[in-house]
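Treat the numbers as computed from the prediction; the structure is a model and nothing was measured.
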Amino acid sequence: MGQPLGWGRRYLMVRPDHFRIDYVINPYMSTQDQPDPALTLKQWDSLRQAIVDAGGEVEVLAQRQDSPDMVYAMNLGLAAADGRAMLSHMRFEPRRKESLTAAEWFTGHGFQLDRTGGEGVGPHFESGDAFVFGDSLVVGYGPRTEADALKHLATGWNIRVRGLRIAHEGMYHLDLPFCPVDSTHAMVYPPAFDTASQAELAAIVPDPIVLTDDEAFAFTANSIVVNETIIMPACSPRLRAIFTDLGLRVVVLDLSEFHKGGGSARCLTNPLDFPLADITTPGGELLLPA
């Protein structure tokens, strides 16, 4: 059995006062299927409260009126426990205004801000593609994050980065087919990755919890672990038994309004406490699938 994750106890969330579907940038979005504002806020607050009940802390950032997807706070930037933050450089132009407000928040809360290029001009990086797991920062690339961004992360922060190439349209961020559970266990959906990355995934995760198609497309891997609680948008009986055996309390929340935009519990929450000490290496190291 693995040890508890060394992160996931402090989060940034964006209150969904202006969440709507104005454009389509993933297979789940449709401008004809708009979220209900009252239900959206109720679901968001249930997630915030579940984190607090599990012993976590939540910082809340106001949403820009011109940024309907800003509620998916996971993609605002990669924040480390040592006070560094790598600001996201969004692939799609409609989301880039979010970074202006995110930059103000990070610097205003004591973070030293970095970018994957001068003033954000450079390879795209979206922090929903990055997790500290094992001896590395595991980063998905392909649909949103570009491979060159991984070089910036490795050399800029002097850390070990392991890349996984995402090759499935419906799994456009790593937080959809990959979810760290403890130091050795992670939920994974191998079909989201190309062949070489599937082989690398098996080496990265000592104890994989392999998701079925139905589990993966119910946003199951878009879950978060807070202390001894796993907060999920869906959980099959099979997975509930696995997590219970691992000593986790399972909390399942209805976050269906946010699924209309292509995200769930993980997308709505940005960890502010990724530890870098155990993945630091002089000069950085980048490992990509063969």
Side-chain angles (χ1 to χ4, degrees), residues 2 5 8 21 24-30 32-36 39-40 42-44 46-47 50 69 71-72 74-75 128-129 131 133 138 140 142-144 164-182 184-202 204-226 229-269:
L5 292 174
I21 311 299
V24 174
I25 59 173
N26 67 57
Y28 305 99
M29 301 175 82
S30 169
Q32 305 303 310
D33 189 16
Q34 293 293 329
D36 175 82
L39 184 55
T40 293
K42 181 179 179 181
Q43 292 182 357
W44 180 89
S46 72
L47 176 58
D69 269 350
V71 67
Y72 298 117
M74 181 66 186
N75 284 293
D129 278 321
F131 293 98
F133 186 77
V138 181
R144 298 292 181 89
L164 295 171
R165 185 176 181 278
I166 301 171
H168 194 298
E169 182 184 16
M171 299 279 153
Y172 50 91
H173 277 142
L174 188 66
D175 59 20
L176 292 169
F178 180 88
C179 177
V181 174
D182 61 24
T184 66
H185 293 84
M187 285 187 277
V188 297
Y189 182 60
F193 306 97
D194 68 8
T195 301
S197 295
Q198 289 183 32
E200 185 66 17
L201 182 68
I204 291 172
V205 183
D207 298 307
I209 302 169
V210 179
L211 301 179
T212 66
D213 291 348
D214 287 345
E215 289 166 345
F217 287 96
F219 291 89
T220 300
N222 207 250
S223 299
I224 62 174
V225 176
V226 185
T229 298
I230 184 166
I231 302 171
M232 312 180 69
C235 185
S236 66
R238 178 185 77 92
L239 291 175
R240 184 180 290 272
I242 291 172
F243 296 135
T244 299
D245 286 346
L246 291 175
L248 293 170
R249 180 174 71 100
V250 178
V251 173
V252 179
L253 301 177
D254 178 9
L255 298 170
S256 54
E257 293 303 290
F258 297 101
H259 297 176
K260 296 175 181 179
S264 198
R266 172 65 70 191
C267 289
L268 296 169
T269 54

Check: Tell me, do Ser223 and Met187 make a side-chain contact under 4.5 Å, heavy atoms counted?
Finding: yes

For the residue pair [X] and [Y], what are the closest heavy atoms and their distance?
X	Y	result
Arg238	Val210	NH2-O, 3.0 Å
Arg266	Val225	NH2-N, 4.3 Å
Pro35	Lys260	CA-NZ, 3.9 Å
Arg144	Asp129	CB-OD2, 3.9 Å
Val138	Leu174	O-CD2, 3.6 Å
Arg240	Cys235	N-SG, 3.4 Å

Next item on the list: Take the angle between the ring planes of Tyr72 and Phe258 and call it parallel below 30°, perpendicular above 60°, tilted in between.
Entry: perpendicular

Next item on the list: Please work out which of the three classes, parallel, tilted or perpendicular, describes the rings of Phe219 and Tyr28, given edges at 30° and 60°.
Entry: tilted

Roughly how far, to the nearest 0.5 Å, is [atom2] of [Y] from [atom1] of [X]?
X	Y	atom1	atom2	answer
Ile231	Ser264	CD1	OG	11.0 Å
Asp175	Thr269	CG	OG1	8.5 Å
Asp194	Ile166	CG	CD1	10.0 Å
Phe178	Met171	CZ	CE	14.0 Å
Thr229	Phe243	OG1	CZ	12.5 Å

Could you tell me whether the side chain of [X] and the main chain of [Y] form a donor-acceptor pair under 3.5 Å?
X	Y	value
Gln198	Pro190	yes
Asn26	Gly261	yes
Thr40	Asp36	yes
Thr184	Asp207	no
Asn222	Cys267	yes

Note to self: The test is side-chain contact (heavy atoms from CB on, under 4.5 Å); show your working for Leu164 and Ile204 and say whether it passes.
What the structure shows: CA-CA 10 Å; Leu164 295 171; Ile204 291 172; 3.9 Å; yes

Check: side chain to side chain contact (heavy atoms under 4.5 Å, CB included) with Pro191: which residues, sequence neighbours excluded?
Finding: Tyr189

Check: Looking at residues at least two apart in the chain, or sitting in another chain, which of them share a side chain to side chain donor-acceptor pair (under 3.5 Å) with Ser256?
Finding: Gln43, Asp254

